[in-house]
Amino acid sequence: MLVDSHCHLDFPELADRIDQVIDSMMHANVGAALCIGVSLERMPKVQALAEKHRNLYATVGVHPEHQDCLEPDVETLLRFADHPKVLGIGETGLDYFWHKDKPEWQRERFRVHIRAAKACGKPLIIHTRDSAADILQILRVEGADSVGGVMHCFTETREVAEKALDMGFYISFSGIVTFKNAHELKETAKMVPMDRLLVETDSPFLAPVPHRGKTNEPAYVRHVANEIAALKGIGIDEVESQTTENFCKLFKVIIN
C-alpha cells in the first residue's frame with residue numbers, strides 16, 4: 001500500500017468528482033492521502049473531506065504565496081490542529097518565484113507556522129521555491145528540528161536535501177522526479193535514505209509520466225513510487241512498505 005503524502009482534494013479539479021478519485025486510489029492500492037491546507041478560508045472544506053472519508057487526512061496552513069487571505073496566528077492554527085485527523089502544520093515556507101523582493105511578511109508567516117507546530121507537536125509541511133537558504137536558516141533559528149516535518153515536492157539541490165535531513169526532516173518526491181529532464185533530482189532521490197523518503201502527487205498539479213500535462217490525482221502516486229524503485233534498484237514492494245511506514249512515523253498515525 002502507498003500513501004499520497006501531499007494533495008489538494010478540495011480544489012475544484014478533484015472535489016467535483018471526489019468519489020471517483022477515491023475509488024481510483026483504492027484500485028491503485030493507494031490506501032490514504034493527506035489533504036493539505038493552503039488557506040484558513042478553505043480549511044472547513046479540507047477538514048470536512050478528512051471527516052467524511054476514512055482514508056483521508058488533513059493539515060492546516062496558509063500557503064506562502066497567498067496575500068489576499070486571512071492571516072494566520074498561532075492560536076488559530078492550533079485551534080484547527082486540535083482535531084484527530086489534522087496531522088500537520090502547513091503548507092508553509094517561502095516562495096520567492098513570484099515575490100522577487102523576498103518579502104518579510106512571508107518570513108514572519110513562516111515563523112508563525114513553526115511556532116504553532118512546536119506548540120502542538122505536529123510536523124511541518126514545507127514549501128520552498130527560490131528560497132532554500134532562507135528556509136534552512138529560519139528552520140534552524142526557530143528550532144524546527146524539535147518537531148521535524150517534510151520538504152514537500154522536493155526540487156532543490158542535493159546539498160539542500162542533506163541539510164534538511166540533518167535537521168530531521170523527510171524528503172518527499174512528486175511526479176517531477178519522473179520527468180526525463182529531471183537529472184539532478186533523480187540523483188538526489190538516489191541519495192535520500194529510504195527511511196526518510198516520502199512520495200506525493202501535489203495533485204491536481206504536476207502529473208507524473210505517463211500522465212504529464214493532465215489533471216493529477218492520488219492514484220498516480222504509484223508512478224512516482226515506481227520511479228523511485230527504478231532509481232534505487234529495489235522492488236516496488238519495498239518502496240510501498242517503507243514510504244508508508246515513514247508517513248505513519250512522521251505524522252503519528254496508524255493506517256488500516
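- Put simply, the side chain of Glu184 never gets that close to the backbone of Thr157: no donor and acceptor are under 3.5 Å apart.
- A salt bridge does not link Glu104 with Arg109: none of the charged nitrogens is closer than 4.0 Å to a carboxylate oxygen.
- Put simply, the side chain of Ser131 gets close to the backbone of Arg129: a donor and an acceptor are under 3.5 Å apart.
- Applying the 6.0 Å contact sphere to CD of Glu159 captures no more than 12 heavy atoms from other residues, nucleotides or ligands.
- In this structure, Leu94 CG and Ile135 CD1 are separated by 4.0 Å, a value rounded to the nearest 0.5 Å.
- For Glu75, the CD atom counts as loosely surrounded, since its 6.0 Å shell holds 12 or fewer non-hydrogen atoms of other residues, nucleotides or ligands.
- Side-chain atoms of His99 do not come within 3.5 Å of backbone N or O of Asp101 as any donor-acceptor pair.
- For the residue pair Tyr96/Asp134, the side-chain donor-acceptor check at 3.5 Å is satisfied.
- Within the 4.5 Å cutoff, the side chain of Val62 has heavy atoms near those of the His113 side chain.
- A distance-only check finds a donor-acceptor pair linking the side chain of Thr178 to the backbone of Val209 [under 3.5 Å].
- With respect to Arg222 and Glu240, a salt bridge is recorded, a charged nitrogen being found less than 4.0 Å from a carboxylate O.
- Inspection of the Asn246 and Thr243 side chains reveals no N or O donor paired with an N or O acceptor under 3.5 Å.
- Using a 4.0 Å cut-off between charged nitrogen and carboxylate oxygen, Arg115 and Glu142 count as a salt-bridge pair.
- Counted by atom type alone, Thr201 and Asp4 present one or more donor-acceptor pairs between their side chains at under 3.5 Å.
- Note that NE2 of His211 is 4.5 Å distant from OH of Tyr220, once rounded to the nearest 0.5 Å.
- At most 12 heavy atoms of other shown residues, nucleotides or ligands fall within 6.0 angstrom of atom NZ in Lys45.
- With respect to the salt-bridge test (charged N to carboxylate O, under 4.0 angstrom), the residues Lys186 and Glu227 qualify.
- Looking at Lys122, its side chain never comes within 3.5 Å of a backbone N or O of Lys252 through a donor-acceptor pair.
- Considering only heavy atoms from C-beta on, Asp202 stays 4.5 Å or farther from Asn216 through its side chain.
- For the side-chain contact (heavy atoms from CB on, under 4.5 Å) criterion with Ile171, the lone passing option out of Leu197, Thr188, Leu165 is Leu165.
- Looking at heavy atoms from C-beta onward, Phe80 lies out of side-chain contact with Thr59 at the 4.5 angstrom threshold.
- Rounding to the nearest 0.5 Å gives a distance of 14.5 Å between OH of Tyr57 and CD of Gln47.
- Taking the six-membered ring where tryptophan is involved, the planes of His6 and His8 are perpendicular, since the angle between them exceeds 60° and thus also 30°.
- By the neighbour-count criterion of 12 heavy atoms within 6.0 Å, atom NZ of Lys249 is sparsely surrounded, having that number or fewer from other residues, nucleotides or ligands.
- Judged purely by atom type and a 3.5 angstrom limit, Ser241 uses its side chain to pair as donor or acceptor with the backbone of Glu238.
- Between Ser172 and Glu200, the side chains place a donor N or O and an acceptor N or O closer than 3.5 Å (distance only, hydrogens not considered).
- We find the NE2-CD distance between His63 and Glu91 to be 4.0 Å, quoted to the nearest 0.5 Å.
- Aromatic ring pairs are classed by plane angle as parallel below 30°, tilted from 30° to 60° and perpendicular above 60°; the pair His152 and His127 is tilted.
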